[in-house]
Structures are given as C-alpha cells and as structure tokens.
Amino acid sequence: MHARSTTITGDPGAVDAAVAFVRDEVMPSLTAMDGCLGLSLVADRELGRIIATSSWRDEEAMHAADQHLGPMRAEGGKILGGSPHVEEWEVAVMHRDHATHEGSCCRITWARTDDVEQMARTWRERILPGVEQLQGFCSASLLVDRSTGRGCATVVFDDHRALEATRDQAAAMRRRATDEMGLEILAVGELDLEIAHLRLPELV
C-alpha cells in the first residue's frame with residue numbers, strides 16, 4: 001500500500017479555512033476515486049501548516065489519481081498562501097489500539113537512514129511495543145521512501161495532555177532509534193489531528 005502527503009505552510013490565520021476546504025471539497029472527491037483508502041489531515045496552527053495524507057491500494061492507483069488532485073492542491077495552496085510540497089511513500093507499518101476522536105493529536109518524526117529495511121524492521125519490532133505503552137496511545141504508522149531513505153513515523157494520542165506527558169519518553173525512543181538504526185532525525189512536529197479517515201488495514 002502507498003500514500004501521498006501534501007504539506008502546505010502559509011498563513012496561520014487561514015488554517016481553519018484550509019481544513020474546511022479539505023474536509024468539505026477534497027475528501028468527498030478523493031475517497032470516491034478508484035483505489036483510494038482514505039485521507040488524514042493534521043494541522044499546526046502556530047506555524048500555519050497542514051499535512052494531508054491520502055492512502056492508496058497500490059502505486060498505480062495513486063498515480064492515476066494525480067491529474068485530478070493537482071487543481072485541488074493548487075486551491076489549497078491559494079487558501080493557505082503557500083506552495084504545496086508533495087511526497088510519495090510506501091506504508092510499512094499501520095497499527096491501531098483504538099479510534100481517534102475530537103481533540104486527538106499526534107507527534108510526527110521525519111528521519112533518514114541508509115537501510116530502509118532495517119529501519120522498518122527495528123521500528124516494528126523494537127520501537128512500536130514501547131510506543132503502545134505510552135499514555136493515551138491511539139495508533140501509529142510508519143511511511144518510507146526507499147529512493148531517498150526517508151521515513152515518517154506518526155504516533156496519535158487521545159489529547160494534548162497525553163502528548164505533552166510523553167515528550168521525554170519519545171525523546172528517549174528517538175535517541176535509542178538513532179543509536180540502533182543509525183537514523184538521522186530530520187524534524188519532529190506536534191500537530192492536531194483534524195481528519196482521520198484512513199481505511200488502511202492493520203500492517204505490522
């Protein structure tokens with residue numbers, strides 16, 4: 001299974017309008033497309049950033065839909081006042097403990113490695129069991145780009161209290177991952193989960 005993420009950073013005051021556009025205009029069209037397995041959207045209102053991630057049955061379906069999504073991305077960029085940045089991924093891990101709800105939020109870690117297979121295996125076998133024990137854990141996923149060695153790990157929590165309470169533990173996990181997998185941590189973000197409509201099956 002594959003995923004495409006579109007990141008737009010612009011005017012913090014326009015985030016709510018951009019979220020509404022994705023929810024009301026983009027999602028109905030997107031989820032009706034052949035091979036689409038849903039959509040998620042996260043937002044950072046302080047930075048004026050949204051990240052929309054669509055999931056797909058396979059790479060062919062993802063690419064076939066791209067011509068229809070281009071104008072929607074452009075409109076999203078116009079609303080938020082930023083240029084869309086698009087990335088394509090392979091879904092390596094998808095695990096849910098329970099459903100998200102209003103107020104859920106997430107911590108996203110972007111990293112790079114010389115060995116994507118080792119990163120996925122170690123994250124699945126060594127990191128995920130610890131993540132599952134974190135206070136307020138909802139779900140976790142790992143997306144990888146084999147061509148660049150990049151990975152994007154997302155852990156969803158029930159609320160901001162749980163997110164804040166687990167910062168030290170998450171930092172310790174990142175240090176361990178850096179030591180065990182030779183990861184280069186590129187960025188870490190904490191964002192609100194605005195849309196959780198992914199229909200990806202369990203993949204661990």
Side-chain angles (χ1 to χ4, degrees), residues 2-33 36-56 62-89 91 94 99-112 136 138-143 145 148 150-164 166-167 170 185-200:
H2 289 258
R4 179 192 287 113
S5 62
T6 300
T7 302
I8 307 174
T9 303
D11 177 11
V15 167
D16 286 339
V19 170
F21 170 71
V22 174
R23 183 186 61 240
D24 300 337
E25 304 292 336
V26 176
M27 188 167 71
S29 298
L30 182 76
T31 54
M33 294 179 184
C36 181
L37 299 177
L39 173 76
S40 71
L41 178 71
V42 297
D44 183 330
R45 286 176 169 77
E46 290 186 7
L47 293 180
R49 176 173 59 171
I50 64 169
I51 306 173
T53 302
S54 56
S55 55
W56 301 87
M62 182 172 69
H63 289 160
D66 195 50
Q67 60 178 322
H68 303 291
L69 296 176
M72 296 182 190
R73 285 196 292 266
E75 181 63 20
K78 182 179 178 180
I79 292 170
L80 199 56
S83 299
H85 175 62
V86 180
E87 297 173 281
E88 295 183 355
W89 309 91
V91 182
M94 181 70 236
T100 58
H101 49 78
E102 185 176 354
S104 293
C105 49
C106 61
R107 180 177 294 114
I108 305 177
T109 303
W110 292 269
R112 181 166 36 235
C138 289
S139 65
S141 64
L142 174 65
L143 309 179
D145 180 350
T148 63
R150 296 179 72 242
C152 175
T154 300
V155 180
V156 180
F157 295 89
D158 284 325
D159 50 39
H160 279 278
R161 175 180 291 184
L163 183 73
E164 294 168 2
T166 59
R167 281 177 183 156
I185 302 298
L186 302 174
V188 179
E190 295 182 349
L191 303 96
D192 295 322
L193 181 61
E194 301 291 341
I195 298 174
H197 192 66
L198 289 179
R199 302 191 298 272
L200 286 167

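Please read these numbers as outputs of a predicted model, since none were measured by experiment. All values below were derived from every heavy atom in this structure, side-chain atoms included, with hydrogens, water molecules and symmetry-related copies excluded.
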*Heavy-atom distance under 4.5 Å between the side chains of Met62 and Leu37, does that happen here?*
no
*Point-to-point distance, once rounded to the nearest 0.5 Å, from OG1 of Thr7 to CD1 of Ile50*: 8.5 Å
*Separation of His2 NE2 from Leu200 CG (nearest 0.5 Å)*: 11.5 Å
*For the residue pair Thr6 and Val86, what are the closest heavy atoms and their distance?*
OG1-CG2, 3.9 Å
*Output all residues satisfying salt bridge (charged side-chain N to carboxylate O under 4.0 Å, His left out) with Asp192, sequence neighbours left out; order by chain, then residue number.*
Arg45
*What pair of heavy atoms forms the shortest contact from Ala3 to Trp56, and how long is it?*
CA-CD1, 4.4 Å
*asked:* A side-chain contact here means heavy atoms from C-beta on lying under 4.5 Å apart; do Leu191 and Arg49 qualify?
replied: yes
*Run the numbers on Arg107 and Thr166 for side chain to side chain contact (heavy atoms under 4.5 Å, CB included), then give the verdict.*
CA-CA 10 Å; Arg107 180 177 294 114; Thr166 59; 3.3 Å; yes
*Taking atom CD of Glu164 and atom SG of Cys105, what is their separation to the nearest 0.5 Å?*
8.0 Å
*Kindly give the heavy-atom pair with the smallest separation between Val22 and Leu39, and that separation in Å.*
CG1-CD2, 3.7 Å
_Checking the side chain of Ser104 only, and the main-chain atoms of Leu193 only, is there a donor and an acceptor separated by less than 3.5 Å?_
no
*asked:* Donor-acceptor check, side chain of Arg150 to backbone of Trp89, threshold 3.5 angstrom: yes or no?
replied: no
*Cut-off 3.5 Å, side chains only: do Glu88 and His63 have a donor facing an acceptor?*
yes
*Is there side-chain contact between Leu69 and Met33, with heavy atoms separated by less than 4.5 Å?*
yes
*Which heavy-atom pair separates Leu47 from Thr9 by the least distance, and what is that distance?*
O-CG2, 3.5 Å
*Can you measure from CD1 (Ile51) to CD (Glu87) and round to the nearest 0.5 angstrom?*
8.5 Å
*Taking all non-hydrogen atoms of both residues into account, name the closest pair between Cys138 and Thr100 and its distance.*
CB-CG2, 4.2 Å
*Hey, are Arg112 and Asp145 close enough for a salt bridge, meaning a charged N less than 4.0 Å from a carboxylate O?*
no
*Can you list every pair that meets side-chain hydrogen bond (donor to acceptor under 3.5 Å, both in side chains) and has a residue in residues 22-31, with sequence neighbours left out?*
none
_Separation of Lys78 NZ from Ser83 OG (nearest 0.5 Å)_ = 14.0 Å
*Identify the heavy atoms of Ile8 and Pro84 that sit nearest to each other, and give their distance.*
CG1-CA, 3.8 Å
*Measure the CG-CE distance between Leu198 and Met94 for me, rounded to the nearest 0.5 Å.*
6.5 Å
_side chain to side chain contact (heavy atoms under 4.5 Å, CB included) against Thr154, all qualifying residues, sequence neighbours excluded_ = Cys106, Ile108, Ser141, Cys152, Val156
